[in-house]
Amino acid sequence: MWKWLHPYAKSESTYKLCQTLLPWFSLSAGITLTIGIIWGLMFAPADYQQGDSFRIIYIHVPSAITSMSAYAAMALAAVIGLVWQIRTAYMAMIAIAPVGAMMTFIALFTGAAWGKPMWGTWWVWDARLTSELVLLFLYLGVISLYKSFDDKIQAGKAAGVMSIVGVINLPIIHYSVEWWNTLHQGATISKFSKPSIAPEMFWPLMLNLLAAVLLIGAITLKRLQNELLRREIHRPWAVKTLLKEGKG
């Protein structure tokens with residue numbers, strides 16, 4: 001079932017795939033993000049308890065969900081690299097890591113901004129907030145470990161093992177509000193059949209979530225292209241690509 005991966009063990013094939021997908025991801029991300037932000041911030045009704053301050057949900061929730069999704073994707077790339085010895089998978093892993101770290105930081109920052117009017121403080125050592133902070137440290141750990149090796153194959157293996165071990169934190173983040181008594185509110189949109197949010201608030205939130213996924217995809221594809229060129233700089237296909245794009 002994994003035979004479709006084999007062509008993308010070649011750096012040139014992976015680069016061409018990124019080149020094909022990048023415009024679609026970029027355009028889709030731009031359109032959905034613009035519509036979603038305008039819809040959520042300007043046209044969605046105010047919350048009956050929180051008023052307009054609830055609108056930060058349209059940034060906070062998508063960034064929090066995609067911070068975990070990006071980590072899962074990074075760990076999957078690590079598994080592919082370790083099991084099938086596909087080095088482009090390690091490049092994909094490290095291309096995802098800074099993007100996931102960025103989304104995690106946004107989730108923490110917006111969560112703190114939301115917590116101030118709701119809880120009266122910027123930060124509490126709430127189970128979900130703390131486990132999300134651990135996620136940021138895991139991302140930074142993977143990035144630092146990868147950069148600490150000169151041999152990037154060994155770097156990929158070491159960082160890959162760390163990213164796989166860190167997956168244990170994902171269910172802790174997700175179920176923390178159920179396992180512990182926390183200030184953080186419970187599930188809202190994950191109960192898709194009957195979400196705890198009005199439809200006129202729910203759909204712009206879903207659109208922003210889709211936009212966040214597409215944005216992560218677009219940035220990751222561009223970062224992966226750059227990583228491929230940097231690692232294959234002496235290969236004829238890479239030199240030809242750089243000359244064609246005016247970077248040589």
Side-chain angles (χ1 to χ4, degrees), residues 1-33 66-67 69-104 138-167 210-248:
M1 64 178 290
W2 295 100
K3 287 183 178 179
W4 64 272
L5 278 174
H6 293 165
Y8 302 110
K10 294 175 62 178
S11 299
E12 185 177 5
S13 298
T14 302
Y15 186 91
K16 288 180 179 178
L17 177 64
C18 293
Q19 202 166 33
T20 301
L21 295 176
L22 183 57
W24 294 99
F25 272 81
S26 300
L27 181 61
S28 301
I31 292 171
T32 52
L33 187 61
T66 52
S67 70
S69 302
Y71 194 93
M74 184 180 72
L76 178 60
V79 169
I80 293 170
L82 289 167
V83 174
W84 285 277
Q85 298 297 304
I86 298 176
R87 65 193 185 95
T88 52
Y90 295 135
M91 298 183 206
M93 175 194 72
I94 203 59
I96 296 169
V99 189
M102 175 189 70
M103 299 307 289
T104 307
L138 284 168
Y139 274 122
L140 296 178
V142 168
I143 295 168
S144 299
L145 186 59
Y146 186 85
K147 290 188 174 182
S148 66
F149 285 80
D150 292 326
D151 184 342
K152 293 307 177 186
I153 297 297
Q154 294 303 315
K157 290 178 180 179
V161 170
M162 182 177 182
S163 66
I164 293 168
V165 172
V167 167
L210 175 61
V213 172
L214 292 169
L215 181 62
I216 286 177
I219 298 174
T220 299
L221 287 169
K222 187 60 181 177
R223 283 185 49 80
L224 179 54
Q225 281 188 311
N226 292 338
E227 184 70 16
L228 287 163
L229 288 175
R230 185 162 48 247
R231 295 275 296 276
E232 303 289 324
I233 191 63
H234 299 299
R235 296 293 180 91
W237 75 265
V239 173
K240 184 179 178 181
T241 300
L242 288 169
L243 291 172
K244 184 177 180 181
E245 295 180 0
K247 298 177 183 178

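All values reported here derive from a predicted model rather than from experimental measurement.
- Residues Leu145 and Phe149 meet the side-chain proximity criterion, which asks for heavy atoms closer than 4.5 Å.
- Enclosure of atom CG in Asp151 by more than 12 non-hydrogen atoms of other residues, nucleotides or ligands within 6.0 angstrom is indicated.
- The CD1 atom of Ile153 sits 8.5 Å away from the CD atom of Gln85 when rounded to the nearest 0.5 Å.
- Two residues are said to be in side-chain contact when any heavy atoms from C-beta on lie closer than 4.5 Å; Arg235 and Val239 fail this criterion.
- Scanning all heavy atoms of the two residues, the minimum distance from Ala75 to Ile164 falls at O-CG1, 4.0 Å.
- Residue Gly156 comes nearest to Met93 through the heavy atom pair O-CE, 3.8 Å, listed as atom of the first residue, atom of the second, then distance.
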> Is there a side-chain contact (heavy atoms from CB on, under 4.5 Å) between Met162 and Lys157 once you walk through the steps?
Replying inline: CA-CA 9 Å; Met162 182 177 182; Lys157 290 178 180 179; over 6 Å; no
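- Here CG of Leu33 is found 11.0 Å from CD1 of Ile31. Values are rounded to the nearest 0.5 Å.
- Among all heavy-atom pairs drawn from Tyr71 and Val167, the shortest one is CE2-N, 3.7 Å.
- Residues Lys240 and Glu232 are not paired through a salt bridge, judged by the lack of any N-O separation under 4.0 Å between the basic side chain and the carboxylate.
- With hydrogens and angles ignored, the 3.5 Å screen pairs a side-chain donor or acceptor of Thr14 with a backbone N or O of Lys10.
- Side-chain contact between Trp237 and Ser11 is present, with heavy atoms from C-beta onward closer than 4.5 Å.
- The shortest heavy-atom contact between Ser26 and Ala218 is OG-CB, 3.8 Å.
- Remark: Ile216 CD1 to Met103 CE distance equals 4.5 Å, nearest 0.5 Å.
- At a threshold of 4.0 Å, the pair Glu227-Arg223 does not count as salt-bridged, since none of the basic side-chain nitrogens sits closer than that to a carboxylate oxygen.
- Tyr90 and Ala78 get closest at one heavy-atom pair: CE2-O, 4.3 Å.
- Geometrically, Lys152 engages Tyr146 in a cation-pi contact defined by less than 6.0 Å to the ring centre and at most 45° from the axis.
- Atom NZ of Lys222 and atom OG1 of Thr220 lie 13.0 Å apart (nearest 0.5 Å).
- Rounded to the nearest 0.5 Å, atoms OG (Ser148) and CD1 (Ile143) are 12.5 Å apart.
- When all heavy atoms of Leu82 and Gly160 are compared, the pair lying nearest together is CD1-C, 4.2 Å.
- Interatomic distance, Leu214 CG to Thr32 OG1, rounded to the nearest 0.5 Å: 5.0 Å.
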>> Evaluate Leu229 against Ile233 for side-chain contact (heavy atoms from CB on, under 4.5 Å), listing each step before the verdict.
In response: CA-CA 5 Å; Leu229 288 175; Ile233 191 63; 5.7 Å; no
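- With sequence neighbours excluded, no residue forms a side-chain hydrogen bond (donor to acceptor under 3.5 Å, both in side chains) with Thr66.
- Between Arg230 and Gln225, the closest side-chain pair of non-hydrogen atoms is not below 4.5 Å.
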>> Evaluate Ile86 against Tyr8 for side-chain contact (heavy atoms from CB on, under 4.5 Å), listing each step before the verdict.
In response: CA-CA 8 Å; Ile86 298 176; Tyr8 302 110; over 6 Å; no
> Could you go step by step and tell me if Tyr15 and Glu12 meet the side-chain contact (heavy atoms from CB on, under 4.5 Å) rule?
Replying inline: CA-CA 5 Å; Tyr15 186 91; Glu12 185 177 5; 5.6 Å; no
